[in-house]
Amino acid sequence: GHITVESEAGAGTTFRILLPAAEGALAPRGEAESSESGGASGRVLVHDPDAQLSCMVGDTLRLEGYDVEICFDPRRIERMTEAAAPRTNDPDLLLTDVRSAGHVEAVRRLRLRRPSLRVLFFASGLEGEPVIECSRCEAVLFKPFTPAALSLAIRRLKAQPAEG
């Protein structure tokens, strides 16, 4: 984009700011609610070693209507696997980095307790479309991604039949 400035003594100053449209920008709230998902709902737990990414993901999902918990404690997922029974604050959807220490194994144990839990793994170093593994209610979203790609991956994941 660019900015132009026109200034004239006694007449004032005019700033013109021209910004390009953002690729992958979120749809206005009314359009997002009428999307193919029929509106977003559910409890989401987000954990990524990159705090900025976790916050961007959280903001994106809150705008869509999700109840989001950003988790900076990597032991939170492990503690969920140790609980005797699902709790009311347990997530319906878990978003975590596939390379986070122990998370893949913790997610496997957690899914034994909650087979309908949906899991979206973030993967670094590769670019591509989200890949859905239907039989396990899991998906992979490659970094870097846009808010629109995140929303699409979640809609596709939630559209898959639940196990259990």
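Since this is a predicted model, take the numbers as computed values, not measurements.
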*Asks:* Any salt bridge between D48 and K143, counting N to O under 4.0 Å?
*Replies:*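 A salt bridge is present here (some side-chain N lies under 4.0 Å from a carboxylate O).
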*Asks:* Can you name the closest pair of heavy atoms from V68 and G58 and give their distance?
*Replies:*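 Looking at all heavy atoms of both residues, the closest pair is CG1-CA, 3.8 Å.
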*Asks:* Mind checking side-chain contact (heavy atoms from CB on, under 4.5 Å) for I17 and listing every partner two or more places apart, or none if nothing turns up?
*Replies:* I3, L19
*Asks:* Determine the minimum heavy-atom distance between F72 and S54, stating which atoms define it.
*Replies:*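 Where F72 meets S54 most closely, the heavy atoms are CE2-CB, 4.4 Å.
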*Asks:* K158 side chain to S41 main-chain N or O, any donor-acceptor pair under 3.5 Å?
*Replies:*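 Looks like yes, one N/O pair under 3.5 Å.
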*Asks:* I want to check something: taking the side chain as every heavy atom from C-beta on, are L95 and L141 in contact at a cut-off of under 4.5 Å?
*Replies:* no
*Asks:* Please enumerate all residues that pass side-chain hydrogen bond (donor to acceptor under 3.5 Å, both in side chains) together with Q52, with sequence neighbours excluded.
*Replies:* none
*Asks:* So, using salt bridge (Lys or Arg N to Asp or Glu O under 4.0 Å) as the criterion, who are the partners of E8 when residues are at least two apart?
*Replies:* none
*Asks:* Identify which one of T60, I154, D92, V46 satisfies the side chain to side chain contact (heavy atoms under 4.5 Å, CB included) criterion when paired with Y66.
*Replies:* I154
*Asks:* Evaluate the side-chain proximity of V57 to F122: yes if any heavy-atom separation is below 4.5 Å, no if none is.
*Replies:* yes
*Asks:* What's the separation between atom CG in L117 and atom CG in L93, rounded to the nearest 0.5 Å?
*Replies:*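 Here the rounded value is 7.5 Å.
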*Asks:* Looking only at heavy atoms, which two atoms of L157 and V119 are closest? And how far apart?
*Replies:* CD2-O, 3.6 Å
*Asks:* Which residues satisfy the salt bridge (Lys or Arg N to Asp or Glu O under 4.0 Å) test with D67, sequence neighbours excluded?
*Replies:* R43
*Asks:* Run D59 and M56 through side chain to side chain contact (heavy atoms under 4.5 Å, CB included) and show every step you take.
*Replies:* CA-CA 5 Å; D59 290 345; M56 182 277 291; 5.9 Å; no
*Asks:* Going by the rule side-chain contact (heavy atoms from CB on, under 4.5 Å), which residues pair with T13 if we only count those two or more places apart in sequence or in a different chain?
*Replies:* V5, S7, F15
